[in-house]
Amino acid sequence: GDSVTQMEGPVTLSEEAFLTINCTYTATGYPSLFWYVQYPGEGLQLLLKATKADDKGSNKGFEATYRKETTSFHLEKGSVQVSDSAVYFCALLWATGGFKTIFGAGTRLFVKA
Amino acid sequence: NAGVMQNPRHLVRRRGQEARLRCSPMKGHSHVYWYRQLPEEGLKFMVYLQKENIIDESGMPKERFSAEFPKEGPSILRIQQVVRGDSAAYFCASSAQEGGASYEQYFGPGTRLTVT
């Protein structure tokens with residue numbers, strides 16, 4: 001069945017470091033791909049999305065490119081801030097496979113000042 | 001322009017009691033989804049509802065759990081005779097149309113259920 005695998009955390013970085021969180025997926029066809037962010041004690045916020053191959057989603061300095069050939073959607077940011085500390089979830093939505101969003105297990109990011 | 005609303009935000013129940021979680025979708029949205037997040041885990045799909053219909057309940061436990069989305073009022077996730085293993089965060093999401101590629105789901109703040 002459809003699934004999402006993302007790198008295990010926690011990831012600890014110093015402020016202004018480069019961030020990569022890897023995400024790969026398994027799905028038949030062409031799902032939409034998402035990154036959500038969850039701050040402590042809060043719900044999920046949509047960070048960015050891509051709906052077809054080679055699309056690049058971007059928001060707040062984060063970006064991810066939908067790579068069909070490698071079935072990946074890695075999240076990157078050039079310079080992280082302390083306020084970026086949160087849990088990041090990669091997810092896919094595949095309408096004809098059902099309308100549920102499939103989530104990865106989440107990657108916790110700590111950014112030190 | 002209110003987002004998805006859930007209440008209560010925190011709910012404490014003793015083992016054996018019933019828990020009722022409410023979700024009001026975004027204005028104009030008629031599709032509701034419930035997810036459960038166990039501690040330190042990702043979200044797992046439970047059920048997808050449209051008004052007065054359950055479309056997909058493949059993620060719902062077979063016993064004690066039920067969901068509804070009546071013609072009027074919020075969607076309700078009901079857990080009967082709660083056990084400690086039901087302690088989790090329950091998130092509701094809504095979408096404007098069927099969850100096609102362009103219509104992502106918007107999430108509420110969640111209800112954190114603690115069973116003592």
Side-chain angles (χ1 to χ4, degrees), chain A residues 1-10 21 23 25 27-53 55 57 59 64 66 68 73 86-108, chain B residues 2-10 21 23 26 29-50 53-60 67 69 88-112 114:
Chain A
D2 298 348
S3 65
V4 175
T5 302
Q6 57 183 108
M7 64 188 286
E8 287 190 27
I21 300 178
C23 170
Y25 67 91
T28 53
Y30 304 96
S32 292
L33 301 174
F34 304 86
W35 277 100
Y36 287 89
V37 58
Q38 184 178 34
Y39 297 101
E42 297 185 12
L44 273 71
Q45 299 177 25
L46 178 64
L47 182 59
L48 55 83
K49 67 177 182 180
T51 58
K52 61 184 186 296
D55 267 4
N59 185 26
Y66 189 159
K68 180 173 175 294
F73 192 54
V87 181
Y88 292 81
F89 292 96
C90 185
L92 70 83
L93 176 60
W94 175 218
T96 61
F99 300 106
K100 48 185 166 282
T101 302
I102 308 293
F103 288 87
T107 302
R108 185 176 297 277
Chain B
V4 178
M5 299 178 69
Q6 291 186 248
N7 67 81
R9 293 292 306 275
H10 300 273
L21 289 62
C23 169
M26 284 180 69
H29 287 190
S30 58
H31 300 254
V32 165
Y33 313 79
W34 286 94
Y35 295 83
R36 177 165 63 177
Q37 184 181 30
L38 295 172
E40 304 302 319
E41 292 188 15
L43 279 71
K44 296 288 195 284
F45 169 81
M46 299 181 75
V47 62
Y48 163 41
L49 310 105
Q50 295 177 20
N53 282 305
I54 297 174
I55 307 302
D56 180 353
E57 56 181 349
S58 59
M60 287 278 272
F69 188 17
Y90 292 83
F91 289 95
C92 171
S94 70
S95 68
Q97 300 183 27
E98 292 182 356
S102 300
Y103 300 105
E104 72 265 21
Q105 296 162 17
Y106 295 82
F107 283 80
T111 294
R112 281 162 179 79
T114 302

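Chain identifiers are assigned alphabetically (A, B, ...) following the order of the sequence lines, protein sequences preceding nucleic acid strands; residue numbering begins at 1 within each chain. Bear in mind the structure is a predicted one, so any value in this text is a computation, not a measurement.
With sequence neighbours excluded, the residues satisfying side-chain hydrogen bond (donor to acceptor under 3.5 Å, both in side chains) with A:Lys52 are A:Asp55. For B:Phe107, the ring-ring contact (aromatic ring centres under 6.0 Å, His included) criterion is met by A:Tyr36, A:Phe103, B:Tyr35, not counting sequence neighbours.
With a 4.5 Å cut-off on non-hydrogen atoms, A:Gln6 does not touch chain B at all. Using a 4.5 Å cut-off between heavy atoms, A:Leu44 touches chain B through backbone and side chain atoms alike. Contacts between B:Gln37 and chain A at a heavy-atom distance below 4.5 Å involve the side chain alone, from C-beta outward.
With values rounded to the nearest 0.5 angstrom, A:Ile102 atom CD1 is found 9.0 Å from B:Lys44 atom NZ.
Under a cut-off of 6.0 angstrom, the local environment of CE in B:Met60 is crowded, with over 12 non-hydrogen atoms contributed by other residues, nucleotides or ligands. Around the CD atom of A:Glu8, the shell of radius 6.0 Å holds no more than 12 heavy atoms that belong to other residues, nucleotides or ligands.
Of the listed residues A:Gly106, A:Ala91, A:Ala105, A:Gly104, the one with more heavy-atom pairs under 4.5 angstrom with chain B than any other is A:Ala105. With chain B as the partner, the residue from A:Leu33, A:Thr101, A:Val87, A:Val4 showing the most heavy-atom pairs under 4.5 Å is A:Thr101.
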